[in-house]
Amino acid sequence: MSTDKSRELELLVLQFLYEENLGDTAHMLEQESGCFFNMKYFGDQVLAGNLDDADSYLLGFTRIEDNKFSRKIFFQLRKHKYLEALDRKDFSKAVEILVKDLKVFETFNKDIYDELTQLITLENIRENKELSTYGGATSARKTMFQELIKLVVKNPQLNNKLEIQNVEPYRLRYLINQSKNWQHQHWKNQRSNLGTQIPQEVLLVPIAMPAPLQHDAPPSISNSLSLTVYPNPPISHSAAAAGAVNYLPENEGFLTCSRRSLANSTGINYQCVNSENARKRSRIVTVDEV
């Protein structure tokens, strides 16, 4: 069951979907979440003869066994679907509905189920006394829907989901824009704080030795190493909003190491690594202060 906070979010998304004319998606959300029973949509399906769709939509909110009101709504939908099949002489469909959709009601009222079964033997369902005034599918649906409205209003599973709390238009869009504005200001402040931080120590560790070192005369590392440390560079407001920049935590900076000249002179490939890990490795070159 959805919490109050979840239901509020579902209703905001639902409002957004209707504002964007995404009605089919909105009805799927209503049915799957059970947050709002759209009586107009339900009625449109009933009056249009889409009784299977109306039945499926109703199942998103209640079940036959929940209470007597739910049971009566489901029974009316399935009974009229059965009568329409009989009236158009589609007996195979009528039998299918009788077995799959109406059989469940036998446990609640066996007499009514038996009476419905007997209708298959009639050439015209109007021969039955109760159906003598049956005018046809269209008029029967209108009469049925008036009864369904009363049952829905009385149903405790549905009557508290017939209205959506009034909220200002485009509320979800407003909240998202407000969140973006806050993030922009947050990143702007963080950039300002990080821009003055410079690391005090940089360590270089060899990671590969392609060829043996010459023992005759060791090369001069100080002359071949070019090391530059930069503070966090300024970035544009739009780049931060797009998430294209990863900020470094405090006391860290952007490090550029010129390894090409060092590799040419020593045959050793160097990379920049974390200072804590570097102390555990051999052949460490430390630049104490930049």
Approximate separation, where rounding is to 0.5 Å, of [X] [atom1] and [Y] [atom2]:
{"X": "E84", "Y": "K79", "atom1": "CD", "atom2": "NZ", "answer": "11.5 Å"}
{"X": "K81", "Y": "E96", "atom1": "NZ", "atom2": "CD", "answer": "8.5 Å"}
{"X": "L9", "Y": "S33", "atom1": "CG", "atom2": "OG", "answer": "10.5 Å"}
{"X": "E20", "Y": "Q15", "atom1": "CD", "atom2": "CD", "answer": "11.0 Å"}

Could you give me the CA-CA distance, side-chain angles and deciding distance for E127 and N124, then say whether side chain to side chain contact (heavy atoms under 4.5 Å, CB included) is met?
-> CA-CA 6 Å; E127 296 176 12; N124 189 330; 4.0 Å; yes
For a quick test of reading the model, state the closest non-hydrogen atom pair linking [X] to [Y] and the distance between them.
{"X": "F91", "Y": "I120", "answer": "CE2-O, 4.1 Å"}
{"X": "C35", "Y": "F61", "answer": "N-CE2, 4.4 Å"}
{"X": "F36", "Y": "L162", "answer": "CE1-O, 3.3 Å"}
{"X": "M144", "Y": "V46", "answer": "CE-CG1, 3.4 Å"}
{"X": "R78", "Y": "F105", "answer": "CD-CE1, 4.0 Å"}
{"X": "I125", "Y": "L131", "answer": "O-CB, 3.5 Å"}

Carboxylate-amine/guanidinium proximity below 4.0 Å for D87 and R126 | yes
Run the salt-bridge test on E147 and K72 with the 4.0 Å N-O cut-off and return the result as yes or no.
-> no
Do L83 and L47 share a hydrophobic cluster (ILVMFWY, side-chain heavy atoms under 4.5 Å, transitive)?
-> yes
Answer with yes or no whether the hydrophobic clustering places L59 together with F75; edges join I, L, V, M, F, W, Y residues whose side-chain heavy atoms lie under 4.5 Å apart.
-> yes
Would a 4.5 Å heavy-atom cut-off, applied to side chains only, mark [X] and [Y] as touching?
{"X": "N159", "Y": "K154", "value": "no"}
{"X": "L119", "Y": "L116", "value": "yes"}
{"X": "Y113", "Y": "T107", "value": "no"}
{"X": "V104", "Y": "F74", "value": "no"}
{"X": "Q118", "Y": "T121", "value": "yes"}
{"X": "I73", "Y": "L158", "value": "yes"}
{"X": "K93", "Y": "L86", "value": "no"}
{"X": "Y18", "Y": "N38", "value": "yes"}

Within the side chain of D101, is there an N or O that forms a donor-acceptor pair under 3.5 Å with the backbone of L98?
-> no
What residues, two or more places apart in sequence or in another chain, satisfy side-chain contact (heavy atoms from CB on, under 4.5 Å) together with N67?
-> F69, S70, N155, P156, Q157
Aromatic rings Y57 and Y41: how do their planes relate, parallel, tilted or perpendicular, breaks at 30° and 60°?
-> perpendicular
Mutual orientation of the aromatic rings belonging to F145 and F42 [parallel < 30°, tilted 30-60°, perpendicular > 60°] = tilted
Residues, nucleotides or ligands: over 12 heavy atoms within 6.0 Å of K89 NZ = yes
For D114, look at atom CG and say whether over 12 heavy atoms of other residues, nucleotides or ligands are found less than 6.0 Å away.
-> yes
Worked verdict on Q31 versus L58 for side chain to side chain contact (heavy atoms under 4.5 Å, CB included) | CA-CA 8 Å; Q31 180 181 347; L58 185 63; over 6 Å; no
Please lay out, stage by stage, how Y82 and L77 fare under the test side chain to side chain contact (heavy atoms under 4.5 Å, CB included).
-> CA-CA 9 Å; Y82 175 66; L77 288 173; over 6 Å; no
Worked verdict on F37 versus E30 for side chain to side chain contact (heavy atoms under 4.5 Å, CB included) = CA-CA 7 Å; F37 186 81; E30 293 165 356; over 6 Å; no
Go through the steps to decide whether K103 and E106 satisfy the test salt bridge (charged side-chain N to carboxylate O under 4.0 Å, His left out), and finish with yes or no.
-> CA-CA 6 Å; K103 183 69 174 177; E106 185 179 18; 2.7 Å; yes
